[in-house]
Amino acid sequence: WRDAPVASHFLQSEPREGQPATLDTDVRVLHDDQALYFGIFAHDDEPGALVVNDLKKDFNAAASDSVSIVIDTFADQRNGFEFATNPAGARWDAQMSNEGREVNANWDGIWDVRTRIVADGWYAEIRIPFRTLKFTARDPQAWGLNFQRRLRRRNEEDFWSPVPRMFNLDRVSLAGSIDGFHQLKPGANLRVKPFAASSSSTIARQPSDGKFDAGVDVKYGISNGLTLDATVNTDFSQVEADEQQVNLTRFNVLFPEKREFFLENSGIFAFGLPSSGTSSQGGATASPAANGRQNSPPDVKMFFSRQIGLSDSGAAIPILAGSRLSGKVGDYAIGVLNIQQRAQGPVNGTNFTALRLQRQVLANSDIGVLLLNKDARGDAYNRLAGIDANFRFGQLSLGAYAVRTMSPLSRVGQRGEDSSLRANLNYQSRTWLLRGAYETLGQRFNDELGFVPRIGVNHTASYVRRNMRPKWAQNLGIREIGPHLHFDQFDRRNGTGTESRYFDQHLVLMMNDSGFFETGVNRNLEGTLTPFTLNAARGVRVAAGEYNFNEYFALYRSNNAKRVSVEARYSDGGLYNGNRRGYAVAPTVRMNEHFNASVSLQVNDITLPTASYLSTLIATRVNYSFNTRVFVNALVQYNTDNHQWSTNARFNVIHRPLSDFFFVYNERRLETTGDLIDRSVIAKLTYLLAF
């Protein structure tokens with residue numbers, strides 16, 4: 001360490017872009033033939049004021065003092081590996097593709113870190129084995145590299161290689177570089193991860209026989225940039241339960257993918273340029289209270305892995321085996337996925353295939369193709385073929401795609417188009433954020449391996465935001481003022497009018513301490529040609545017709561680095577041909593880095609001509625970290641719409657790198673009688689062997 005060159009003199013991105021960091025950071029880099037080492041010293045003259053809120057794996061780096069690293073091993077200025085730690089040694093890692101278009105924080109690599117707080121700051125020493133990374137076979141190696149430090153009590157973000165405040169660490173085209181690597185070897189090319197699981201279950205007080213299961217995951221490095229994964233008798237019993245959502249629309253809501261096998265290298269299968277363009281680097285999912293519009297229409301996902309191995313209700317369907325080939329070969333990114341799903345009840349055994357090929361063009365752009373295939377017995381097939389192009393020119397991104405689906409007439413009917421087209425743009429500067437998109441979805445468009453909330457529409461979307469930082473606002477504790485407009489319109493392609501129109505007018509105040517306040521009006525038009533069910537449990541239906549209604553709201557989130565923080569939302573306005581008053585509050589308590597807990601309460605007071613009712617959803621989350629390798633977490637939810645209490649509790653021990661022991665308890669009970677609906681107890685052990 002004494003002789004290693006030092007990267008220092010970090011510059012601010014927030015709050016004073018381009019100014020020297022208020023407290024500097026020194027980073028040294030070394031390597032041997034097996035691993036890359038980072039020695040980090042974060043200067044701090046008040047170490048007692050460090051903010052450390054969590055020890056758990058994949059902690060929220062944005063709510064803590066932290067140091068983050070991005071490594072662009074292919075030097076393509078668009079993809080990379082990210083690692084972060086806080087003064088207590090918690091770990092966060094991710095795979096990032098296309099400069100943050102996809103950030104897979106559920107990816108787990110083999111690496112280690114040790115930290116120490118001293119009188120004038122804190123140290124972090126990080127070891128990342130080369131076998132964790134993927135890189136080309138060229139010699140010598142030159143990689144993109146950047147470092148970020150968060151000084152949380154000042155809500156300050158500093159970078160070694162300067163990054164404008166409208167971007168973040170994902171922007172690897174702005175990273176610095178590190179070179180001088182000679183004769184690097186990626187290390188072990190074969191990893192075998194067997195598992196054994198034992199479970200018992202009870203349904204309606206009737207216990208079933210215990211069950212023992214075993215399987216294996218295999219990872220083989222075909223080349224420095226290409227990896228083959230295989231799974232046999234795949235098991236996802238340890239995955240955390242979905243957080244329930246209140247759906248006030250007639251369209252499906254989106255639940256995120258949480259299963260490890262499908263998350264690794266998932267960015268390769270991303271298709272098209274998303275409207276949002278946001279990143280989750282080091283962050284956490286926003287609570288239901290922190291949304292200006294609730295039930296906003298999500299982007300179409302042409303490939304959505306939750307369609308594999310899960311029923312429409314989220315119940316698991318067994319997977320017999322699967323394989324995935326993914327990675328980079330020269331200027332090409334390749335993703336091939338094949339899964340064989342077992343038969344279960346009325347669901348036939350089904351084979352799923354996804355093929356994604358991308359070619360890098362220009363400095364930071366790509367063109368690609370996507371092929372999807374779903375095959376069950378008989379003529380129950382579904383296929384998709386599409387081509388996309390995504391161009392990035394600094395602050396401007398342009399994208400377009402064309403897609404066609406193929407299904408038997410028995411599944412989609414005989415009339416209508418079976419294609420989808422889309423074009424969109426994103427422009428982002430320090431003061432302006434502009435987005436626009438236009439897409440068409442044919443009436444026979446049937447993507448059974450994707451998430452497509454509605455078909456048979458032309459969709460127009462636009463978003464305009466102006467970011468301002470007047471000096472007078474600084475004196476009031478306001479860092480940025482962001483008025484914005486958001487417009488979405490869905491017109492039926494058969495010429496029968498508008499299906500939905502959303503026009504939002506919001507004002508956001510970003511506080512110096514990271515809190516924010518937002519208020520505005522959400523204007524809605526909903527036109528339905530047929531009645532639909534709004535609340536199945538209560539039998540509430542909305543008649544066919546055209547409805548215009550507005551929602552007025554205000555929401556607030558306090559500084560989430562404090563021991564006690566809160567998010568709250570209040571709304572009042574119409575709902576179809578009635579009224580809705582909504583309340584949401586989500587307090588969080590962090591006693592220390594070991595213990596934190598939160599409660600999210602959503603209440604909707606709904607009055608319609610045919611029904612008046614309260615819809616209540618409560619979610620309580622408790623996390624306790626004994627250290628950075630042993631955790632307990634629990635999620636307890638209550639929903640008045642189905643009158644059920646559900647509990648998901650997990651005990652997790654990381655007994656060696658990427659090897660875990662899980663003990664999971666799941667239960668559902670009726671709220672009205674307390675009767676048990678079902679219960680399961682699962683123990684699972686995984687053990688990684690690297691050769």
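Excluded from the calculations below are hydrogen atoms, water molecules and symmetry mates; all remaining heavy atoms, backbone and side chain alike, are included.
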Practice task
Give the intermediate values and the outcome of salt bridge (charged side-chain N to carboxylate O under 4.0 Å, His left out) for residues Lys57 and Asp660.
Solution key: CA-CA 12 Å; Lys57 185 169 70 71; Asp660 296 87; over 6 Å; no
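Between the side chains of Asn559 and Arg152, at least one donor N or O lies within less than 3.5 Å of an accepting N or O. Side chain to side chain, Asp217 and Thr231 meet the donor-acceptor criterion of an N or O pair below 3.5 Å. A donor and an acceptor atom, one from each side chain of Glu257 and Ser266, are nowhere located under 3.5 Å apart. A donor-acceptor contact closer than 3.5 angstrom is absent between the side chains of Ser237 and Lys684.
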Identify all side-chain donor-acceptor contacts of residues 631-638 below 3.5 Å with residues at least two apart in sequence or on another chain.
unit_1 : atom_1 : unit_2 : atom_2 : d
Asn633 : OD1    : Arg650 : NE     : 3.4
Gln637 : OE1    : Gln244 : N      : 2.8
Gln637 : NE2    : Asp242 : O      : 3.1

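At least one cation-pi condition fails for Arg306 and Phe451: the charged atom is not both under 6.0 angstrom from the six-membered ring centre and inside a 45 degree cone around its axis.
Note on ring orientation: taking the six-membered ring where Trp is involved, the planes of Phe41 and Tyr123 are tilted (angle from 30° to 60°). Using a 30° and 60° split on the angle between ring planes, Phe626 and Tyr624 fall in the perpendicular class, above 60°. In this structure, Phe181 and Trp143 have tilted ring planes: the angle between them lies in the 30° to 60° band. Ring-plane geometry between His31 and Phe130 is classed as perpendicular, the angle between the planes exceeding 60 degrees on a 0 to 90 degree scale with a lower cut at 30.
Side-chain contact between Arg149 and Ile40 is absent, with no heavy-atom pair separated by less than 4.5 Å.
The distance from atom OG of Ser68 to atom CZ of Arg150, rounded to the nearest 0.5 Å, is 5.5 Å. Between atom CZ of residue Phe236 and atom NZ of residue Lys258 there is a gap of 14.0 Å, rounded to the nearest 0.5 Å.
Applying the side chain to side chain donor-acceptor pair (under 3.5 Å) criterion to Gln245, with sequence neighbours excluded, gives no partner residue.
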